[in-house]
Amino acid sequence: MTTTLTLAAHPPFSLPAVIKSHGWIQLLPFAEDESAGGFRYIAHLDSGRVVTLRVQTAGDGVRVDVDTPLDAAERAQVAQAITWMLGLEQDFSAFYALARQEPKLAHVEARAQGRLLRSPTLFEDTVKTILTTNTAWGGTRRMVSALVAEFGAPLPDDPAQHAFPTPARLAATDDATLRDVARLGYRAPYVLALAQSVASGALDLEALQGTDLPTAELHKRLLAIKGVGRYAAASLLMLLGRYDFVPVDSWARTLVSREWHDGQPVGASEIEAAFADWGPWKGLAYWFWDWDHLSDA
DNA sequence: GGTAGACCTGGACGC
DNA sequence: GCGTCCAGGTCTACC
């Protein structure tokens, strides 16, 4: 027996657009399912069960298949998780109205761009974001894979596959293990401290999903997390649906430098200034800007 | 508020 | 195979 859920999305919606919105699909326990045009995600449910969610386009939303019967609470959790992960309820009509006036963003509405693929929990997204800092993408993939393989709960039908580790599981490890086994390097104490504060209840990260806190306050709270600086905080704000900041990394500096500064070095202030007119949509304008002509940068 | 140096890893490169 | 250099954000100490 299997379980199937059908979830509607606020139009316009494109599952491939969400999947390709950034690199998260390449990080375990996500896996792209190209034959179905969707993805798989190994979820560790509150009930303790570990299941594979198979997601593909269906009608104006998505269909979620699970290879096992789920009880009512588990079904509700899966529906809530997928709705959050894909931003099914997000409305970008205000952004699209502005984007129509800008040739470099004229494509976003037709492609249904705007949603960014999220993990089910802000804890997972925060750990992954910390692991994107000060390293190449290959390093991020390696560190996330190691964390999942070493500390994630195994899938019963295929124990070689694992869910993302829970805060409690990571909190139960130690700095040296995270350095030696997962090769997190100097990031190990950051991830450990985050896991411990979430597991102990000292930090309620998940309460920030859908919070109505002002963006400035949210920004402040994210920056208070060790290992989360300006770039990581801006990235996490984007995942939380707040686009007031541009995640300034070396790639952003390269793009903005070549687009508006004739290849001369630029800093965060120049990047923020380049998108200042986009107000609460700065981050999205940067993210979906048509940089194609700079792809060899 | 701004800046320099340390942090850690893996890849590129030269020998 | 080995050693060196470099890129990638954040933190801390210092001015």
Side-chain angles (χ1 to χ4, degrees), chain A residues 22-28 116 118-119 122-151 165 170 173-198 202-203 205 208 215-240 242-259 261 263-276 282-283 286-287 291 294-297:
Chain A
H22 64 138
W24 257 210
I25 192 67
Q26 298 173 32
L27 301 180
L28 294 175
L116 298 171
R118 300 152 156 163
S119 304
L122 188 55
F123 171 72
E124 181 176 332
D125 275 341
T126 304
V127 171
K128 286 178 171 175
T129 299
I130 289 172
L131 299 186
T132 66
T133 60
N134 208 23
T135 188
W137 181 242
T140 301
R141 295 183 68 176
R142 173 187 53 76
M143 289 184 271
V144 172
S145 295
L147 274 188
V148 169
E150 293 294 332
F151 307 109
L170 286 181
T173 183
D174 56 54
D175 188 276
T177 303
L178 290 175
R179 286 176 188 268
D180 298 341
V181 176
R183 311 294 293 171
L184 301 193
Y186 71 92
R187 303 169 195 81
Y190 300 152
V191 170
L192 183 61
L194 176 65
Q196 289 174 336
S197 59
V198 171
L203 174 62
L205 258 190
L208 301 184
T215 301
E217 174 61 23
L218 203 45
H219 190 226
K220 196 172 152 187
R221 294 197 188 188
L222 292 170
L223 285 174
I225 298 170
K226 282 285 174 60
V228 174
R230 290 183 60 176
Y231 159 77
S235 295
L236 288 168
L237 281 176
M238 296 260 289
L239 293 177
L240 287 169
R242 310 291 183 97
Y243 313 105
D244 306 63
F245 296 86
V246 176
V248 177
D249 59 3
S250 59
W251 185 235
R253 278 191 278 270
T254 296
L255 293 173
V256 170
S257 165
R258 297 201 176 197
E259 182 86 347
H261 295 273
Q264 296 303 306
V266 299
S269 57
E270 285 90 351
I271 294 172
E272 291 289 344
F275 292 96
K282 284 191 199 81
Y286 158 72
W287 198 254
W291 307 101
L294 297 175
S295 59
D296 61 341

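Small disclaimer: the values here were computed from a predicted structure and weren't measured. Numbers restart at 1 for each chain; the letters A, B, ... are given by sequence-line order, proteins then strands.
For a distance-only test at 3.5 Å, the side chain of A/Y186 qualifies as a donor-acceptor partner of the base of C/dG9.
Contact annotation for A/A188: no contact, since no heavy-atom pair falls under 4.0 Å across all strands. Residue contacts for A/G227: at a heavy-atom cut-off of 4.0 Å it reaches the sugar-phosphate backbone alone, with no base atom in range.
Using a cut-off of 4.0 Å between Lys/Arg side-chain N and Asp/Glu carboxylate O, A/R253 and A/D249 are scored as not salt-bridged.
Here the P atom of nucleotide C/dG8 and the NZ atom of A/K128 are 23 Å apart, to the nearest Å. Protein atom CD1 of A/I225 is 12 Å distant from nucleotide atom P of C/dT10, rounded to whole Å. Here C/dG8 presents its P atom at 14 Å from CE of A/M143, a figure rounded to the nearest Å. Between the C1' atom of B/dC8 and the CG atom of A/D175 lies a distance of 12 Å, rounded to the nearest Å. Residue A/I130 contributes atom CD1, which lies 16 Å from atom P of B/dC8 at whole-angstrom precision. Following rounding to the nearest Å, A/L131 (CG) and B/dC8 (C1') show an atom-to-atom distance of 12 Å. In this entry the distance linking CG of A/L184 with P of C/dG9 reads 17 Å, nearest Å. Across the protein-nucleic acid pair, A/L222 atom CG and C/dC11 atom C1' stand 17 Å apart, rounded to whole Å.
Checking C/dC11, B/dC7, C/dT10 against the side-chain heavy atoms of A/Y231 singles out C/dT10 as nearest. Of the listed nucleotides (C/dT12, B/dC8, C/dT10), C/dT12 has the atom at the smallest distance from the side chain of A/K226. Ranking B/dG10, C/dT10, C/dG8 by closeness to the A/N134 side chain, first place goes to C/dG8.
When each of A/R187 and A/L223 is assigned the nucleotide of DNA chain C with its nearest heavy atom, A/R187 is the one assigned upstream, toward the 5' end.
The environment of A/R142 atom CZ is dense: over 12 non-hydrogen atoms of other residues, nucleotides or ligands sit within 6.0 angstrom. Environment of CH2 in A/W24: crowded, with over 12 heavy atoms of neighbouring residues, nucleotides or ligands closer than 6.0 Å.
Contact between the side-chain N/O atoms of A/R179 and the OP1/OP2 oxygens of B/dC8 is found at a separation under 4.0 Å. One finds a side-chain N or O of A/S250 lying less than 4.0 angstrom from the OP1 or OP2 phosphate oxygen of C/dG8. Dashed line: the shortest gap from a side-chain N or O of A/R142 to OP1 or OP2 of B/dG10 is under 4.0 Å.
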Requested in this report: Let me see the working for A/L131 and A/L184 under side chain to side chain contact (heavy atoms under 4.5 Å, CB included), right down to the final yes or no.
Outcome: CA-CA 8 Å; A/L131 299 186; A/L184 301 193; 3.9 Å; yes
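A/T177 contributes no side-chain N or O that, together with a main-chain N or O of A/T173, makes up a donor-acceptor pair within less than 3.5 Å.
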